[in-house]
Amino acid sequence: MLWRRYLVTAALLLGAGLAQAQPAPSSAENRLIEEIGERSRLMPDLEELCDDIGPRLTGSAQLRAAQQWAVKRLASYGAVNAHLEGYDMGRPWQRGIASARLLNANGMKLDVVQKAWTSGTHGVVHGDVAVLDARTWDEFKTAAAGLKGRIVLLESVPRATPEQRKDLPRYLAETRKMITDAQFAGVLFISTKSNSLQEMWGGPASLFDTNAAIITSEHANALKRLLARGRAPRVAMELGGHFAASPATAYNVVADFPGTDPVGEMVILGAHIDSWDLGTGATDNGAGTVAMMEILRAVHALDLRPKRTLRVVLFSGEEQGLLGSKAYVAAHADELSKIQAVLVQDSGAGRITGFPDMKQEAWYAPLQAALAPAKALGPIDIVYAMAGGSDFEPFVARGIPAFPPGQDPRDYRTHTQHSQADTIDHVVKADLVQATQVLAVLAWGLLNGERLPRAVP
Ligand SMILES: [Zn+2]
């Protein structure tokens, strides 16, 4: 939208009378939209993050490299005091080999990946395959009783009851003992994706923490068909991933663009820089990472002076259970009152289509007002809804206004999220630009607008 500048210049030359008939000088929001639309570093940054550095498993050297890259890049974009903040992540986990093969029937190689945060098999294990379909732990206990030494295909995973959820450590200890006592030779989770796409999950609080792999839905179906015809499939499996001997420190990246307000209030722009390791973490969450870095770059490049401080936080350990954002909230307890709002993008790389008001009446109108200058970027609905599932949760738990954008899902849930297909091929530049522009407009409104009240429980 370069034409605007020429018009404004012409208007100034022609005098004040004519200037009133011309468009008003660009607002900060319009300038941000233009800067990000025409001069963004989104795609080059995403390529450096995903193609140069690659997958970013929490605790890995690659994640450390990515964080060092982000600190340098944020400083070059105008951030002050870009730095790493450490927290104890427990014992890191490293991927090793993963292989499985049918020992009878057609003898095919099975597509498996070791479930993260599990100890390996220490050599090859063998077992007859059995399907286990238990929705509760009582059902699990009964069904597991006869499956000692088997390779168990989990048709469903038992869930904690609300009562069990009240005491998580006790629940984990009891269910892990139940699983150990069952003495399976191995466990196969089934990927929820199709087209041979894999999935990944796991963290310090996950169950089934030994001899567990994830199998593609197609290969799980082959095993089930054999079982249904009484062919008793027998499998050999080896998983070489393992935990490090001792706990380690993980890090969040924190970088400020200072505001003019002496009180020191801030708006946090957050995304997780860690990723699962089957793909290169382009949509989950390289896209969010470069978007937040880009907003800081654009504010600095335009020489804008926000009232509140813009703080970019690139969390880690998100995929293992929001480890980094929980650690951030605990470490910054004394300044949580200064947070005006938190924006966290973590639903892929699609266009932003709306925001939940987190079911807080008092936040609806300010959200709507802050987003008004984003009108030209497409319809953006503010909906009466809660959201969960990413790094905004620990802030929400403290009553802090936190808004995760709703995004066009594209092929995120069905294909890229946590799979080997999470690569830059699935990021559309125009969509990522639009999402960043919308976030920049909202961020600017929150940086300079009225103070938002805390959540009413
Ligand atoms: Zn994510």
Side-chain angles (χ1 to χ4, degrees), residues 93 95-161 164 171-194 196-203 205-243:
W93 182 81
R95 190 169 296 286
I97 60 150
S99 71
R101 199 164 66 78
L102 256 176
L103 296 171
N104 51 7
N106 68 9
M108 72 195 254
K109 192 176 168 308
L110 298 167
D111 272 344
V112 296
V113 283
Q114 184 170 347
K115 181 169 107 60
W117 266 252
T118 60
S119 55
T121 54
H122 304 287
V124 182
V125 293
H126 303 82
D128 291 334
V129 176
V131 171
L132 196 156
D133 188 2
R135 318 244 152 191
T136 67
W137 286 106
D138 284 342
E139 282 176 30
F140 178 90
K141 202 168 185 177
T142 311
L147 301 180
K148 182 180 169 182
R150 309 286 282 272
I151 295 208
V152 170
L153 188 63
L154 287 178
E155 188 72 86
S156 55
V157 183
R159 295 195 165 275
T161 61
Q164 288 168 320
Y171 167 74
L172 288 175
E174 284 177 3
T175 47
R176 277 179 182 152
K177 181 173 184 311
M178 212 183 283
I179 294 162
T180 309
D181 288 350
Q183 297 183 58
F184 303 140
V187 169
L188 294 173
F189 289 86
I190 305 170
S191 170
T192 62
K193 294 177 165 64
S194 52
S196 299
L197 286 170
Q198 276 291 3
E199 254 184 329
M200 191 47 54
W201 67 88
S206 60
L207 300 166
F208 297 97
D209 52 7
T210 183
N211 292 21
I214 300 156
I215 186 168
T216 58
S217 55
E218 287 84 352
H219 285 186
N221 288 339
L223 295 176
K224 284 190 266 184
R225 284 194 301 271
L226 288 167
L227 279 166
R229 289 194 298 118
R231 292 291 192 270
R234 187 167 172 78
V235 165
M237 178 165 82
E238 182 170 17
L239 304 171
H242 59 275
F243 289 97

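- Residues Ile215 and Leu223 are in side-chain contact: their nearest non-hydrogen atoms beyond the backbone lie under 4.5 Å apart.
- In this structure, the side chain to side chain donor-acceptor pair (under 3.5 Å) partners of Thr210, at least two apart in sequence or on a different chain, are Ser119.
- Under the rule for a salt bridge (charged side-chain N to carboxylate O under 4.0 Å, His left out), the partners of Glu174 that lie at least two apart in sequence or sit in another chain are Arg170.
- The two residues Ala232 and Asn104 have their closest heavy-atom pair at O-ND2, 2.8 Å.
- Leu154 and Val157 get closest at one heavy-atom pair: CD1-CG2, 4.4 Å.
- Contact between Leu102 and Pro233 at its shortest, heavy atoms only, is CD2-CB, 3.7 Å.
- Applying the side-chain contact (heavy atoms from CB on, under 4.5 Å) test between Asn211 and each of Val152, Val187, Val125, Ile151 identifies Val125 as the sole match.
- Among all heavy-atom pairs drawn from Val235 and Leu103, the shortest one is C-CD1, 3.9 Å.
- Applying the salt bridge (charged side-chain N to carboxylate O under 4.0 Å, His left out) criterion to Glu238, with sequence neighbours excluded, gives no partner residue.
- For the atom pair OG1 (Thr121) and NE2 (His242), the distance works out to 12.5 Å, reported to the nearest 0.5 Å.
- Legend: residues meeting ring pair (Phe, Tyr, Trp, His ring centres under 6.0 Å) with Phe208, ordered by chain and number and at least two apart, are Phe189.
- Residues that satisfy the salt bridge (charged side-chain N to carboxylate O under 4.0 Å, His left out) test with Arg225, not counting sequence neighbours, are absent from this structure.
- Between the side chain of Thr161 and the backbone N or O of Gln164 there is at least one donor-acceptor pair closer than 3.5 Å.
- In this structure, Leu132 CG and Ser156 OG are separated by 7.0 Å, a value rounded to the nearest 0.5 Å.
- Looking only at distances, no side-chain donor or acceptor of Glu199 sits under 3.5 Å from a matching main-chain atom of Ile214.
- The CG atom of Asp111 sits 10.5 Å away from the CG atom of Leu197 when rounded to the nearest 0.5 Å.
- Applying the salt bridge (Lys or Arg N to Asp or Glu O under 4.0 Å) definition to pairs two or more places apart or across chains, those involving residues 112-135 are Asp128-Arg234, Asp133-Arg135.
- Annotation for Ala213 and Val112: closest pair CB-CB, 4.2 Å, computed over non-hydrogen atoms.
- Thr216 pairs by the side chain to side chain donor-acceptor pair (under 3.5 Å) definition with nothing, not counting sequence neighbours.
- Listed here is the closest heavy atom pair of Ala130 and Leu147: CB-CD2, 3.7 Å.
- Within the model, atoms CE of Met200 and CH2 of Trp117 stand 10.5 Å from one another, a figure rounded to the nearest 0.5 Å.
- Between the side chain of Ser217 and the main chain of Lys193, a donor-acceptor pair closer than 3.5 Å is present.
- For Asp181, the side chain to side chain donor-acceptor pair (under 3.5 Å) partners are Lys177, not counting sequence neighbours.
- Partners of Lys109 by salt bridge (charged side-chain N to carboxylate O under 4.0 Å, His left out), not counting sequence neighbours: none found.
- Residue pairs meeting the salt bridge (Lys or Arg N to Asp or Glu O under 4.0 Å) criterion with at least one partner in residues 139-153, sequence neighbours excluded, are absent.
- Note that the CG atom of Leu207 and the CH2 atom of Trp137 stand 5.0 Å from one another [nearest 0.5 Å].
- Residues meeting the side chain to side chain donor-acceptor pair (under 3.5 Å) test with Thr180, sequence neighbours left out: none.
- Within the structure, the salt bridge (Lys or Arg N to Asp or Glu O under 4.0 Å) test picks out the following pairs touching residues 207-224 (sequence neighbours left out): Glu155-Lys224, Arg176-Asp209.
- Trp93 contributes a side-chain N or O that, together with a main-chain N or O of Thr118, makes up a donor-acceptor pair within less than 3.5 Å.
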